[in-house]
*Asks:* 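Questions regarding the structure given below will be posed in turn.
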Amino acid sequence: MKKMGKTTPFKEQILQRKKKLEALVEKYGYPYPNDFKPEVALKSIRDKFEALSGKEIEKKKVKFRVAGRVMAIRLFGKAAFAVIKDSTSTIQLFFQKNELGDKYSEFKKLIDIGDIIGAEGILFKTKTGELTVNVEDFRILVKSLRPLPEKWHGLSDVEVRYRQRYVDLIVNDSVREIFKTRAKIIKLIRGFLDDRGFMEVETPMMHSIPGGAKARPFTTHHNALDMDLYLRIAPELYLKRLVVGGFERVYELNRNFRNEGISTQHNPEFTMIEFYQTYATFENLMDLTEELITYLLKEIKGDLKITYLDKELDFTPPWERMTLRDAIVKYAGVPENKLFDEDFLRNKLRQYEIDTTMLTTAGELQTTIFEEFVEEQLINPTFVTHFPVEVSPLARRNLKDPSVTDRFELYIYGREIANAFSELNDPHDQLERFKMQLEDRERGDEEVPPEIDYDYVRALEYGLPPTAGEGIGIDRLVMLLTNQSSIREVILFPLLRRKKEEEWG
RNA sequence: GGGCCGCUAGCUCAGCUGGUAGAGCAGCAGACUCUUAAUCUGCGGGGCGCAGGUUCGAAUCCUGCGCGGCUCACCA
């Protein structure tokens, strides 16, 4: 690799292929034709003819023009089989010297695995019952200059799989399937919400004040306006402005950006859906969430009981609902009469060497205990409700107990999948909470927005109808539905460190 | 950021307690008109992530660095 300097610019196999490309130039001129139009997707041939017998197919004498990437070649002396693949399926091609005459040697000498070819011929079934096109004419549409990974083991080096996802997709069918499923899930979610009168909107990705969540943002700069901007950490505040504007059911399904650690659960850019529904409460959204996710399970998995990694998950409704305080009593062993005993809570955390210096209230201590001891135990889908006010700056206070909010988070396999609440629409309370947050920032919490979004408060002053809103992490949901343990397996191009050009292989 | 593991031919891998790199697939040449990881014969290809060190001798040991994976920390 390092020696790819002037002496050996290309490896042996690439050179071989370049020679073949030159032969094509000599024969046809420009070797990248674009006038070949395949008439069918390969899957449609299989769908129509797979079930028929060889004799029935031969009687029909159907001719097809097909195109795809050559995935395998099995060469005999004067005949050969090749398998081509398109986005839908594969089909076998049969090349015979009898049929093709001189052109047979073009196949034999110039076609490599990886090339994209177009072919035309009559469909038949081989002795072994394989649906095959008996090629009458063909054309190399694109000469592939680089050898593909091995046919049997495929490509398994994760680094190469992520950096050169195109190769991963060519070679690993299971990877293709994951991303097809991802697309299907997203489509189903859109359909589900569209059917219920929601409108999809697009709000800014570049914010002058990062808000709507607690996270470190990416910063950027607009030259003409000479203005610093942040990539959004959440669309929440803009979506609620739209609700103020009169769009009563809106959603946005798109990227958020958070400048934080990378892990099997975190990618700096990730996909989230947020939706807002007026005249609904967080309780209505629990029902809706249950409906949505069971709908996805039925469509994608065909079952409400699934295996995810090492565990069996049961999505049969109704899902368990419990308050955060009940959860820490039940799962973290906090006695009910100690729930508000800050010293007790703090000591419990300290026993496990958890830093409590940033935690100044019972609510924050309760939340941390929940995160540290309870989350991981919530395997089957569980709604945890009534988060403390201090950790819910945008959520409506509970009328009976103003120390908590009308909020829930959905946990599955110990992971937060959704976060929702009845929206805080009291502009005065909202401003007070923003001010409280700013104090946290002054105490060193860099995840709090650097300044108050007064325009958002102003919007509330015009009147936000009673509304409930929710965010669902799409990547994590896709992980569940495709049984993947790493978020990078469900993101086409996960962020990786840059590699130097000399290291191109 | 810490810990552990990995990086050897285009790909998948082997290479023992240091002795100067090997297999399968892919490639090239040849045989073969029903194969399905086709088969058979022959051939070429890498100096072992990078940089140092120890040693008569390093892919193997040591140090540093790079990239990646897992994990802990971090994470509304």
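Lettering follows sequence order; numbering is per chain, from 1.
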*Asks:* Nearest to the side chain of T126(A) - C34(B), G68(B), U12(B)?
*Replies:* C34(B)
*Asks:* Restricting to pairs with a member in residues 169-179 of chain A, which pass salt bridge (charged side-chain N to carboxylate O under 4.0 Å, His left out), not counting sequence neighbours?
*Replies:* K85(A)-D173(A), E177(A)-K180(A)
*Asks:* What nucleotide, of A26(B), U36(B), C67(B), holds the atom closest to the side chain of R163(A)?
*Replies:* C67(B)
*Asks:* Expected output check: what is the dot-bracket annotation of RNA chain B, where ( ) and [ ] are pairs inside the strand (brackets for crossing ones), | is paired with another strand, and pairs are Watson-Crick or G-U under 3.5 Å?
*Replies:* (((((((..((((.....[..)))).(((((.......))))).....(((((..]....))))))))))))....
*Asks:* Please check the phosphate of A38(B) (OP1 and OP2 only) for any side-chain N or O of K151(A) closer than 4.0 Å.
*Replies:* yes
*Asks:* What pairs with E390(A) under side chain to side chain contact (heavy atoms under 4.5 Å, CB included), at least two apart in sequence or on another chain?
*Replies:* T361(A), E364(A), P388(A)
*Asks:* Just to be sure I understand the rule, does Q16(A) reach a base, reach only the sugar-phosphate, or reach nothing, if contact means heavy atoms closer than 4.0 Å?
*Replies:* sugar-phosphate
*Asks:* I want to check one thing: is the phosphate of A38(B), taken as OP1 and OP2, less than 4.0 Å away from some side-chain N or O of R74(A)?
*Replies:* yes
*Asks:* Decide whether Y411(A) and E375(A) meet the rule of one side-chain donor and one side-chain acceptor closer than 3.5 Å.
*Replies:* yes
*Asks:* Return the residues of residues 89-102 of chain A meeting this criterion: a heavy atom under 4.0 Å from some atom of RNA chain B. Order them by number, or give none.
*Replies:* Q92(A), F94(A), Q96(A), N98(A)
*Asks:* Which parts of nucleotides 69-76 of chain B does protein reach within less than 4.0 Å, heavy atoms only, written one letter per nucleotide 5' to 3' as B for base, S for sugar-phosphate only and - for none?
*Replies:* SSS---BB
*Asks:* Does S156(A) place a side-chain N or O at less than 4.0 Å from the phosphate oxygens OP1/OP2 of U12(B)?
*Replies:* yes
*Asks:* Do the side-chain N or O atoms of R497(A) get closer than 4.0 angstrom to the phosphate oxygens (OP1, OP2) of G68(B)?
*Replies:* yes
*Asks:* May I ask you to check whether Y104(A) and E106(A) show a side-chain donor-acceptor distance below 3.5 Å?
*Replies:* no
*Asks:* On the side chain of E12(A), is there an atom forming a donor-acceptor pair with the base of G44(B) - under 3.5 Å, no angle test?
*Replies:* yes
*Asks:* Please list, one pair per line, the donor and acceptor atoms closer than 3.5 Å that link side chains of residues 67-82 of chain A to other protein atoms, with sequence neighbours excluded.
*Replies:*
| unit_1 | atom_1 | unit_2 | atom_2 | d |
| --- | --- | --- | --- | --- |
| R69(A) | NH1 | G114(A) | O | 2.8 |
| R74(A) | NH2 | Q92(A) | OE1 | 3.0 |

*Asks:* Among Y230(A), Y238(A), F257(A), Y456(A), exactly one meets ring-ring contact (aromatic ring centres under 6.0 Å, His included) together with H207(A). Which residue is that?
*Replies:* Y238(A)
*Asks:* So, is K20(A) near the phosphate of C28(B), with a side-chain N or O under 4.0 Å from OP1 or OP2?
*Replies:* yes
*Asks:* Centroid distance below 5.5 Å plus an interplanar angle below 30 degrees: do F76(A) and C32(B) meet both conditions?
*Replies:* no
